[in-house]
Structures are given as C-alpha cells and as structure tokens.
Amino acid sequence: MLNFILIANPENRRVGFLQQAIAHFNLPPATVVDYADLIAGKQTLEQFNTPNTIIRFDSPEKNFDVDKAIIAEGSREIFSTSNHQRISAEAATKLEFDKGLILYPRQWYLGWRYLLQKWETLLSPLLACGEGLGVGC
C-alpha cells in the first residue's frame with residue numbers, strides 16, 4: 001500500500017484537493033507535515049524515508065510566517081559581499097505583513113534552496129536505491 005506524505009501549509013486549499021483525489025482511489029489520507037513545523041525542527045522527514053512512500057512538496061505560498069522562516073534560513077546563504085538586499089535571521093522573524101509587498105526575494109530563494117537541499121540529503125539514501133519506485137540497488 002502506498003503512503004502519501006504532503007509537505008504543505010495545512011490551510012492551503014490544495015491540501016483538501018489532494019486528500020479528495022487520494023480518497024477517490026480508496027487510499028488512506030496523506031499525512032500532512034506543516035512547513036512551519038518542518039522548518040522549525042518540530043517535525044522531521046526521516047520517519048517518512050521508507051519504501052512505498054510518496055512525498056509531495058506543495059508550494060509554501062500564502063503563509064507569511066513560513067515566508068519569514070524561509071527568509072531567515074536564507075541569511076545563512078547570502079553573503080555581505082552580495083549586492084542584493086539582505087536581512088538577518090533575527091530581523092526576518094520580526095517582519096510585519098504588508099499585503100502585496102515582496103520581501104527579500106533573493107534571500108527567500110536562497111533559503112528555499114537551502115531547505116530543499118537539506119531535506120534531499122535526509123531522503124537521498126532511499127532515493128539512491130530507487131526503493132518504493134520498483135527499482136532495486
């Protein structure tokens with residue numbers, strides 16, 4: 001039996017759409033892992049690194065707290081020699097929501113890239129063997 005793991009902002013409407021699609025095929029509902037909890041280290045992906053598991057990373061959009069956390073992670077990657085606008089991790093957590101304002105896009109991208117690479121390393125041993133995909137080592 002397949003296990004579905006959905007990394008998402010739980011309030012996003014796509015979570016419900018995916019759950020409906022999975023239910024249509026009489027499969028158990030996806031386990032939803034909140035981006036906020038994953039980034040904060042309250043949740044990990046290691047427990048889902050098992051055969052017959054499909055992990056979907058949904059867009060981390062429309063949640064300002066998650067955006068701030070991604071920007072904060074990007075502070076690890078952006079260098080003082082960069083010409084891009086930057087902010088410290090601490091200051092990123094204190095940003096206030098302003099609808100329509102795009103904050104620190106380069107730093108957000110670097111934070112998102114950093115997080116994806118970090119999560120990939122946690123899942124790589126299983127992916128390298130192709131387990132769960134019908135391919136052996």
Just wondering, are more than 12 heavy atoms of other shown residues or ligands nearer than 6.0 Å to CD in Glu96?
no
Does atom CD1 (Ile102) have a neighbourhood of more than 12 heavy atoms from anything else shown, all under 6.0 Å?
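At most 12 heavy atoms, drawn from other residues, nucleotides or ligands, come within 6.0 Å of this atom.
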When rounded to the nearest 0.5 angstrom, what distance separates [atom1] in [X] from [atom2] in [Y]?
{"X": "Glu120", "Y": "Lys118", "atom1": "CD", "atom2": "NZ", "result": "14.0 Å"}
{"X": "Gln107", "Y": "Ser75", "atom1": "CD", "atom2": "OG", "result": "5.5 Å"}
{"X": "Gln19", "Y": "Phe4", "atom1": "CD", "atom2": "CZ", "result": "10.0 Å"}

Shortest non-hydrogen contact between [X] and [Y], atoms and distance:
{"X": "Val32", "Y": "Val15", "value": "CG2-CG1, 3.9 Å"}
{"X": "Ile71", "Y": "Tyr104", "value": "CG2-CB, 4.2 Å"}
{"X": "Ile22", "Y": "Pro29", "value": "CG2-CA, 4.4 Å"}
{"X": "Thr44", "Y": "Glu46", "value": "CB-OE1, 2.8 Å"}
{"X": "Gln47", "Y": "Thr50", "value": "O-CG2, 3.9 Å"}
{"X": "Met1", "Y": "Pro28", "value": "SD-CD, 3.4 Å"}

Sidechain-backbone polar pair: Asn63 side chain, Val66 backbone, donor-acceptor under 3.5 Å:
yes
Show your reasoning for whether side chain to side chain contact (heavy atoms under 4.5 Å, CB included) applies to Leu2 and Thr53.
CA-CA 6 Å; Leu2 286 176; Thr53 299; over 6 Å; no
Run through Thr31, Leu6, Ile7 and flag the one making a side-chain contact (heavy atoms from CB on, under 4.5 Å) with Ile55.
Ile7
With distance as the sole criterion, is a donor-acceptor pair present between the side chains of Gln43 and Asp34 under 3.5 Å?
no
Glu90 and Ser88 side chains, donor-acceptor separation under 3.5 Å
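The answer is no; no qualifying pair exists.
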Take the angle between the ring planes of Phe57 and Trp119 and call it parallel below 30°, perpendicular above 60°, tilted in between.
parallel
Could you give me the CA-CA distance, side-chain angles and deciding distance for Arg76 and Tyr114, then say whether side chain to side chain contact (heavy atoms under 4.5 Å, CB included) is met?
CA-CA 9 Å; Arg76 302 170 185 260; Tyr114 167 79; 3.5 Å; yes
Note: Glu61-Arg14 ion pair, threshold 4.0 Å (strictly below)
yes
Treating Ile, Leu, Val, Met, Phe, Trp and Tyr as nodes and any side-chain heavy-atom pair under 4.5 angstrom as an edge, say whether Phe97 and Ile39 lie in one connected cluster.
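In one cluster with Phe97: Ile39, yes.
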Transitive ILVMFWY side-chain link Ile87 to Leu101, under 4.5 Å
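Yes, Ile87 connects to Leu101 through the hydrophobic network.
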Run the ring-ring contact (aromatic ring centres under 6.0 Å, His included) test against Tyr109 and tell me which residues pass, sequence neighbours left out.
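Not a single residue meets the ring-ring contact (aromatic ring centres under 6.0 Å, His included) criterion with Tyr109.
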Kindly indicate whether the side chain of [X], heavy atoms from C-beta on, has any atom under 4.5 Å from the side chain of [Y].
{"X": "Leu45", "Y": "Leu38", "result": "yes"}
{"X": "Leu115", "Y": "Ile70", "result": "yes"}
{"X": "Arg113", "Y": "Glu77", "result": "yes"}

Stepwise side chain to side chain contact (heavy atoms under 4.5 Å, CB included) test for Phe64 and Leu95
CA-CA 9 Å; Phe64 190 61; Leu95 289 170; 4.0 Å; yes
Candidate pair Asn9 and Lys62, rule side chain to side chain contact (heavy atoms under 4.5 Å, CB included), full reasoning
CA-CA 8 Å; Asn9 294 324; Lys62 298 183 180 180; 5.8 Å; no
